[in-house]
Amino acid sequence: MTQTPDRPWLFRTYAGHSTAKDSNALYRGNLAKGQTGLSVAFDLPTQTGYDSDHELARGEVGKVGVPVAHLGDMRALFDDIPLEKMNTSMTINATAPWLLALYIAVAEEQGADVKKLQGTVQNDIIKEYLSRGTYVCPPKPSLRMITDVAAYCYTNVPKWNPMNVCSYHLQEAGATPEQELAFALATATAVLDDVRGKVPAEDFATVVGRISFFVNAGIRFVTEMCKMRAFVDLWDEICEQRYGVTDPKMRRFRYGVQVNSLGLTEQQPENNVYRILIEMLAVTLSKNARARAVQLPAWNEALGLPRPWDQQWSLRMQQILAFETDLLEYDDLFDGNPAVDRKVEALKQGARDELAQIDGMGGAVAAIEYMKGRLVDSNSARLGRIESGDTTVIGVNKYTEGADSPLTAGDGAIMVVDKAAEADQISRLEQWRADRDDGAVKAALDDLRRAAQDGSNIMPASIAAAKAGVTTGEWGSAIRAVFGEYRAPTGVGKSVSNQTEGLDQIREAVDAVSDKLGRRLKFVVGKPGLDGHSNGAEQIAVRARDCGMDITYEGIRLTPEQIVNAALEEQAHVIGLSILSGSHVPLIEDVLKRMKLAGLSDVPLIVGGIIPEDDANHLRALGVAKVYTPKDFELNTIMMDIVALLDSKAVAAE
């Protein structure tokens with residue numbers, strides 16, 4: 001037993017919504033409750049490089065995070081929060097250079113010593129192509145900007161983590177532990193291979209030492225704890241053998257964590273409290289593989305936006321484990337355990353095999369399509385095990401009977417973003433544009449484009465642009481103009497998979513209704529708006545394909561106009577939309593209006609997402625045929641619903 005307890009990890013809460021002013025009040029409240037670091041959630045327009053008044057931003061402003069369109073928003077976000085003394089994690093990827101530039105500009109305005117700033121920008125674009133979808137540019141220029149940030153920070157902001165290799169969303173997309181290990185480590189090596197040419201050889205180990213990770217921990221907490229020990233060993237091995245880093249401190253696997261949101265259930269949501277606690281143990285029990293920072297989801301995130309009280313409950317969970325138990329008084333509890341050692345070695349070997357496959361393909365950037373396909377297949381298998389009952393989920397496929405939860409009763413059980421917040425944000429954005437020096441903005445954007453074109457580090461020009469009053473959308477447009485845009489692979493192939501066992505009855509029903517319709521049942525699946533969480537849409541498309549439907553799924557970030565045009569061109573029999581960002585009402589209203597104008601009012605529209613029941617009723621009243629939420633996990637039932645909708649339509653036509 002140690003004489004004095006170890007210092008606890010950083011306590012964070014992932015937060016931000018509505019406006020910078022509202023989020024600032026939330027941050028100061030959380031800090032007052034004992035939170036020791038900030039974790040900033042940005043809204044989707046900010047994450048994808050659009051201003052709040054852009055067409056694609058409609059309905060998305062302030063929904064899944066805070067909108068930051070310019071330096072004034074960043075000032076308001078950190079008002080009365082001394083950045084020199086704060087440890088700030090920013091979950092930002094494609095626009096990471098820009099948000100870091102704004103952060104540095106605000107810190108300088110506060111009089112902070114920039115060299116003392118501590119925190120992290122996630123800045124992991126590769127996983128965005130695989131699982132989350134908030135990319136801006138093609139992979140190669142995106143990789144260049146990641147390493148620009150790393151090369152800039154190690155001298156100018158030396159205590160800052162310039163990249164947080166993020167395996168969290170890989171697990172959310174269905175990754176096995178071996179895939180999570182391998183795909184994350186492949187991303188890290190792709191970045192380090194690129195940044196090696198941007199810093200002096202004698203300084204490279206220092207850059208390696210600033211790379212951090214952001215991971216997931218699921219409910220199988222023994223496996224997850226072993227996964228973290230495997231991460232520690234594999235990273236040390238890579239740093240020493242691949243990069244020749246001799247200092248053990250520079251090879252240390254430093255990671256933060258948010259435990260699994262994928263497993264949170266809409267059914268019996270109070271059970272999520274226990275899931276979150278158990279998952280936290282996986283990243284805290286093993287001292288030699290303990291997280292440096294922890295943020296926990298709230299118990300009701302499968303229902304909607306959590307309230308400050310819900311986030312407080314998760315914060316208290318961390319504090320009780322750290323300060324009331326004796327966990328921090330002991331050495332590692334698992335060293336020398338033969339069962340743990342066997343599992344760790346098995347995970348490491350599985351990860352090495354995957355890494356060898358990726359290396360053989362030319363590295364992570366070249367292997368994006370391969371990795372995406374592997375994730376879609378793994379997620380399909382995971383969902384199949386839940387549907388069949390091979391994987392037990394309490395309250396979902398076993399022990400489903402229970403009393404209604406008083407925690408979800410009445411109004412206000414989840415937080416709803418003020419509908420006026422978007423208009424307020426746009427109004428202030430317009431005022432910002434009117435008040436700034438247009439000449440300074442033009443000059444700064446010219447310098448930014450020049451830096452992007454000639455290969456100069458993107459950070460100095462981005463910081464100058466931030467100070468000149470450039471907006472997020474203008475920064476994004478300048479970058480897109482130089483590097484181009486990109487549409488990531490969907491992972492949904494055209495061919496039927498080998499996972500068709502138990503689908504015979506549905507396939508026969510699809511054949512029968514196709515005969516009645518006069519051609520193969522055509523199902524167009526779309527993701528309108530900026531929501532890049534495509535896992536649900538992918539699985540619907542895969543199952544529909546395997547059931548014999550003719551599917552069209554073009555991936556994320558489509559406008560309502562593009563979806564309706566696709567339905568026209570493909571002569572869709574049914575349209576399915578997936579929206580998880582909370583923007584379902586305005587986007588679906590727009591789609592329905594365009595369908596009517598296009599003469600498609602007779603085509604059934606089905607919708608899936610995190611949709612409160614009041615909103616679901618509103619959508620049905622507008623004409624949506626079916627609304628599905630996370631509780632509707634049985635994909636075969638959804639497939640039969642589609643058949644029934646079209647069968648009744650075909651009968652009526654006859």
Side-chain angles (χ1 to χ4, degrees), residues 47-49 92-97 121-152 162-171 173 175 178-199 204 207-208 211-214 234-235 238-239 242-243 351-378 452-453 455 457-458 479-480 482-493 532 534 555-557:
Q47 291 185 49
T48 50
I92 199 74
N93 296 285
T95 54
V121 278
Q122 193 168 100
N123 202 22
D124 177 356
I125 304 299
I126 293 175
K127 70 94 175 49
E128 296 297 320
Y129 304 124
L130 300 177
S131 57
R132 194 162 171 266
T134 65
Y135 51 81
V136 169
C137 301
K140 286 186 178 179
S142 293
L143 181 63
R144 171 252 171 111
M145 288 194 289
I146 293 173
T147 55
D148 276 0
V149 172
Y152 180 84
M163 189 202 184
N164 211 212
V165 183
C166 182
S167 73
Y168 174 86
H169 292 95
L170 300 178
Q171 188 177 131
E178 293 86 351
Q179 288 169 345
E180 186 180 344
L181 286 162
F183 295 0
L185 292 169
T187 296
T189 57
V191 169
L192 289 176
D193 287 351
D194 194 70
V195 80
R196 185 151 46 174
K198 295 185 176 182
V199 300
F204 183 64
V207 176
V208 173
I211 299 296
S212 61
F213 290 74
F214 186 73
L234 288 167
W235 183 240
I238 287 169
C239 291
R242 185 176 181 123
Y243 297 115
R352 288 191 189 106
D353 292 343
E354 277 283 7
L355 279 167
Q357 175 78 16
I358 294 166
D359 277 342
M361 299 175 77
V365 171
I368 284 172
E369 189 164 357
Y370 162 77
M371 292 190 287
K372 179 64 176 179
R374 293 276 281 155
L375 289 175
V376 171
D377 290 345
S378 295
Q453 287 166 342
N457 191 298
I458 208 73
I479 294 299
R480 286 183 176 93
V482 176
F483 295 140
E485 299 197 45
Y486 181 73
R487 183 161 290 279
T490 67
V492 179
S534 57
I556 64 170
R557 215 178 298 173

Evaluate the side chain to side chain contact (heavy atoms under 4.5 Å, CB included) criterion for residues V207 and R196: first the C-alpha distance (whole Å), next the side-chain angles of each, then the deciding distance (0.1 Å), finally the verdict.
CA-CA 9 Å; V207 176; R196 185 151 46 174; over 6 Å; no

Decide yes or no for S534 and T490: does some side-chain heavy atom of the first lie under 4.5 Å from some side-chain heavy atom of the second?
no

Rounded distance (nearest 0.5 Å) linking atom CG of L192 with atom OH of Y243
4.5 Å

Could you tell me whether the side chain of F204 reaches within less than 4.5 Å of the side chain of V195, counting heavy atoms only?
yes

Nearest atoms (heavy-atom pairs only) where N123 meets A96:
OD1-CB, 3.3 Å

Could you measure the distance from the CD1 atom of I126 to the CD1 atom of I368? Nearest 0.5 Å is fine.
6.0 Å

I need the minimum non-hydrogen distance between A173 and S131, along with the two atoms involved.
CB-CB, 3.8 Å

Determine yes or no for a side-chain-to-main-chain donor-acceptor pair under 3.5 angstrom, with E128 supplying the side chain and T134 the backbone.
yes

Could you tell me the separation between the CD atom of Q122 and the CD1 atom of I92, rounded to the nearest 0.5 Å?
9.0 Å

Side-chain heavy atoms of I479 within contact of I458, under 4.5 Å:
yes

Give a yes or no on whether the backbone of T48 and the side-chain of R557 come within a donor-acceptor separation of less than 3.5 Å.
no

Taking all non-hydrogen atoms of both residues, which atom of V365 and which atom of P139 are closest, and how far apart?
CG1-CB, 3.7 Å

Rounded to the nearest 0.5 Å, how far apart are CG of L181 and CG of L355?
8.5 Å

Do L375 and L170 have side chains that get closer than 4.5 Å, going by heavy atoms?
yes

Between atom CD1 of I238 and atom CG of L185, what is the distance when rounded to the nearest 0.5 Å?
4.5 Å

Does the pair D193 and R242 meet the rule for a side chain to side chain contact (heavy atoms under 4.5 Å, CB included), with working shown?
CA-CA 10 Å; D193 287 351; R242 185 176 181 123; 2.7 Å; yes

Shortest non-hydrogen separation from C239 to V208 and the atoms involved
SG-CG1, 3.6 Å

Between D124 and N164, which heavy-atom pair has the shortest distance, and what is it?
CB-O, 3.6 Å

How far does CD1 of I556 sit from CZ of R132, to the nearest 0.5 angstrom?
10.5 Å

If I compare all heavy atoms of I358 with all of A182, which pair ends up nearest, and what's the gap?
CD1-O, 4.4 Å

Quick one about Y129 and S142 (side-chain donor to acceptor, distance below 3.5 Å, no hydrogens or angles considered), yes or no?
yes

Any donor and acceptor pair, going by atom type alone, linking the side chain of Y135 with main-chain N or O of A488 inside 3.5 Å?
yes

Can you see whether K127 engages N93 through a side-chain donor-acceptor pair at a distance of less than 3.5 angstrom?
yes

Does R144 offer a backbone N or O that forms a donor-acceptor pair with the side chain of T147 under 3.5 Å?
yes

Should V121 and M163 count as side-chain neighbours, where that means a heavy-atom distance under 4.5 Å?
no

